[in-house]
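The sequence lines fix the lettering, A, B, ..., with proteins before strands; numbering per chain opens at 1.
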Amino acid sequence: MGVVADGIKAKLDDAFAPERLEVEDDSARHAGHSGSREGGESHFNVTIVSSAFAGVTRVQRQRKVYSALAVELAGPVHALSLKALAPGEE
Amino acid sequence: MTDAPETQTAAADASPDSGQDPVAGFIRKTLADNPVVVFMKGEPDQPRCGFSAVVVQILDHLGVEFVGVDVLQDERLRQGIKAFSDWPTIPQLYVKGELVGGSDIVREMFQSGELKPLLVEQGVLTA
């Protein structure tokens, strides 16, 4: 796992105390696309399960995650595919 | 239905003396004038990003008419739509002026069968 992925994990752990958290570097699949960078770590798939998302709309869930990762999204992360679930929704 | 001829320069042409941010004004007018809008990268018939393509494919599959606005035509629009919606990624699907979501949410709602009823309920698609 690279440094960007580690940072994403740490921030989401802090912000949401997730029951489950998966951060997958999907950059290789986007190699050569706009926004991809040499060395990868530009495209990520994130699955996060946290009670912080219970009773929260999809749009608000993503806003919460985007907000926690604002620095990454403004910098190295070009795309983040996100699945934000409450416990029991899996 | 798939082209948005005026949109590419409209942000630049928006009245500067309205006392408001012209890009936000353009976005508001686009959303007021069109019930289903996708702010996306590329044109609907030639998306330039896989995530934008997903949203277009789903809307086409459901047979809903929409206006696609190519944010790559104007950097101010590309940044402006993110600020407007407090949503840092593109594409963004709006129905009746409300942000439904980006490609993850649109795909999730399509797969779970929630998207079509929403569009029908909003009167932008016949059942």
Counterpart residues, ring-ring contact (aromatic ring centres under 6.0 Å, His included), relative to B:F84 (two or more places apart): none
Report yes if the side chains of A:R63 and B:D86 come closer than 4.5 Å at any heavy-atom pair, otherwise no. yes
Does the A:E89 side chain pair with the main chain of A:A86, one donor and one acceptor, at a distance under 3.5 Å?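 Looks like yes, one N/O pair under 3.5 Å.
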Donor-acceptor contact below 3.5 Å, side chain B:D70 vs main chain B:L72: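 A pair under 3.5 Å: yes.
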Does B:E108 pair with A:K83 as a salt bridge, N-O distance under 4.0 Å?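 Looking at A:K83 together with B:E108, the answer is no, because their closest N to O distance does not fall below 4.0 Å.
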Polar contact flag, side-chain donor to acceptor under 3.5 angstrom, B:Q57-B:D60: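 No, no side-chain donor-acceptor pair sits under 3.5 Å.
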Mind telling me whether A:H43 and A:H78 have parallel, tilted or perpendicular rings, with 30° and 60° as the class edges?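 Because their plane-to-plane angle lies in the 30° to 60° range, the rings of A:H78 and A:H43 count as tilted.
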If contact means a heavy atom pair closer than 4.5 Å, which residues of residues 110-125 of chain B contact chain A? B:S112, B:E114
Residues of residues 90-103 of chain B within contact distance of chain A, non-hydrogen under 4.5 Å: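 Under the 4.5 Å heavy-atom cut-off, B:L99, B:V100, B:G101 qualify.
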Over 12 non-hydrogen atoms of neighbours within 6.0 angstrom of CD in B:E75: yes
What residues of residues 51-62 of chain A sit under 4.5 Å from chain B when only non-hydrogen atoms are counted?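 Answer by number: A:R58, A:V59, A:Q62.
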Which heavy-atom pair separates A:S81 from B:D104 by the least distance, and what is that distance?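 Taking A:S81 first and B:D104 second, the nearest heavy atoms are OG-OD1, 2.8 Å.
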Which of A:L80, A:L82, A:L73 touches chain B most, by non-hydrogen pairs under 4.5 Å: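 Greatest number of close heavy-atom pairs with chain B: A:L82.
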